[in-house]
Amino acid sequence: MHCLRDEDALIPSPRGGLPKVCAALVAIIVTGGLLLLSPGRVINLGAKATLGVTLGPLLYGLCLLVEELLHHSKTRYHGRLLLSHVLPACGLEAKTLLPVAMAILLLHLTRYSVIQEGQSWELIVLVPVLYALFKSLGILGPTKVEVSDICEERKMNVAHGLAWSFFLGYLHLVLPSLEKSINSFCDSHRDNFWGCGSKKLLILIPLNANISHRLEDEDNHIQFCDSLPNSEIDRAGVRGRVYKHSVYRVMDERGKAHDCAVEYATPLLTLYLMSQERSAGFGESERRQQVLLFYRTLRDILEQSLECRNRYRLILLKDDHEEDPHFLSKTILRHLEQQNKEEFCLNAPQQETKDPVAMEDWHMSDPMSRDPTLMISLERPQPLRGPVEDTDNYRET
């Protein structure tokens, strides 16, 4: 399980709500300080601050609305209703308008007049204007963390699309029949070295997304053996589209051979080629992050698929193994060994049944020493009643 822990340490977990907790704590501390310093003006100050802050997104949303109505109403919204589509897309929705309405209501209840408050009304007007200006210039734009969080939460990353495409367009089609193909291969190749727990598809996912088309070129302990029987499926207008898997023979340090079906995750080629194209705007750091998200997304998808369960194994390959020429074979063998251990635990021999004679005398044993059993009676249930003492029999004796 050591290799699995190493993989879990590399995979980024979804971001939580810690920023919200920190912001709430700061707001509570500041509000408590204002209660001590100006206990009678806290509500009034809070209402003015809320009004100034929330008018900024509202004004910026109006600026976005002008752009959408003049240049994109037909091409992006296709004549849809302004209220139901365009306004929410510009941020002019209930969560933006409600704080403004609440701030105005609080100011009205506290009998506050912006005209009679000196220069406070100037700040209430100036803050939204400056907010809209800085927001349009990108100064107050979302940070990389916010963009990453939005993309992950809404499944908008390149990795999400590639993972779903790899699953629906390939794994979902071939994994259900994989064991049948392996059994056919073993029947036709009597000299195979297929282990009892290796009848799964090993999917290699290198962190650097650099994929070799021949595994034997990376490690001379790995040799191509043969291909599994082809799977032909009618797909997207193509009659009998062929899907196939390659079988490789991996040698361990003692010279023992192990056969397995192993291949790289082909969508990683797309990520690697995107990082080589300047027009894609996809650097090395972004590529690595997308590979990790691809692994996590594909793992979550496969874990929820009943048809693909226990028919695959994802292997995340680190990129710090240049000094070891047999890193790939060692990694594959480590996972094969882990599979064999898991298979042995699942198929462990059960305890032998008890002797039939002893089973016949089971009802004669002490009731307190027997295992609890479920007794089913076909008689109708009787009402509960207390024990009736009958002393006539004792008197006769």
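Note that the coordinates shown come from a computational prediction; the quantities given were computed from them, not determined experimentally.
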> How about Leu97 and Thr54: do any of their side-chain heavy atoms sit closer than 4.5 Å?
Replying inline: no

> For the side chain of Thr31 and the backbone of Ala27, is there at least one donor-acceptor N/O pair under 3.5 Å apart?
Replying inline: yes

> Any sub-3.5 Å donor-acceptor pair from Asp219's side-chain atoms to Ser329's backbone N or O?
Replying inline: yes

>> In this structure, would Val53 and Phe134 fall into the same cluster of hydrophobic residues linked by side-chain contacts under 4.5 Å?
In response: no

> Does Ser305 use its side chain to pair, donor to acceptor, with the backbone of Ile301 at less than 3.5 Å?
Replying inline: no

>> Would a single hydrophobic cluster contain both Ile315 and Leu215, if residues Ile, Leu, Val, Met, Phe, Trp and Tyr are joined by side-chain heavy-atom contacts under 4.5 Å?
In response: yes

>> Applying a strict under-4.5 Å side-chain criterion to I, L, V, M, F, W and Y, I'd like to know whether Tyr272 and Leu316 cluster together.
In response: no

>> With a 4.5 Å cut-off on side-chain heavy atoms, are Val129 and Leu133 touching?
In response: no

>> Can a donor-acceptor pair be found, under 3.5 Å and without considering hydrogens, that links the side chain of Thr96 to the backbone of Gly91?
In response: yes

> Does any non-hydrogen side-chain atom of Arg288 lie less than 4.5 Å from one of Asn208?
Replying inline: no

> Shared ILVMFWY cluster between Val125 and Leu59, side chains joined below 4.5 angstrom?
Replying inline: no

> Is His71 reaching over with its side chain to a backbone N or O of Glu67, donor-acceptor style, under 3.5 angstrom?
Replying inline: no

>> I'd like to know if the side chain of Asp252 and the backbone of Gly255 have a donor-acceptor N/O pair within less than 3.5 Å.
In response: yes

> Would you say Thr297's side chain and Leu293's backbone share a donor-acceptor pair under 3.5 angstrom?
Replying inline: yes

> Do Val250 and Cys260 have side-chain heavy atoms sitting under 4.5 Å apart?
Replying inline: yes

> Do Glu216 and Phe224 come close enough that some side-chain heavy atom pair is under 4.5 Å?
Replying inline: yes

> In the single-linkage hydrophobic clustering (I, L, V, M, F, W, Y; side-chain heavy atoms under 4.5 Å), do Val127 and Leu140 co-cluster?
Replying inline: no

>> Applying the side-chain hydrogen bond (donor to acceptor under 3.5 Å, both in side chains) criterion to His335, which one of Lys200, Lys330, Arg313 satisfies it?
In response: Arg313

>> If you define the side chain from C-beta out and look only at heavy atoms, does anything of Cys63 sit under 4.5 Å from Ser136?
In response: no

>> With a 4.5 Å cut-off on side-chain heavy atoms, are Arg287 and Gln290 touching?
In response: no

> Which value, rounded to the nearest 0.5 Å, describes the distance between Asp187 atom CG and Arg190 atom CZ?
Replying inline: 5.5 Å

> How is the hydrophobic cluster of Leu98 composed, in terms of its other members, when Ile, Leu, Val, Met, Phe, Trp and Tyr link through side-chain heavy atoms under 4.5 Å apart, directly or indirectly?
Replying inline: Met102

>> Side chains of Asn210 and Leu268, heavy atoms from C-beta outward: is any pair under 4.5 Å?
In response: no

> Looking just at side-chain N and O atoms, do His245 and Glu263 make a donor-acceptor pair shorter than 3.5 Å?
Replying inline: yes

> Is there a donor-acceptor pair under 3.5 Å between the side chain of Asp234 and the backbone N or O of Arg239?
Replying inline: no

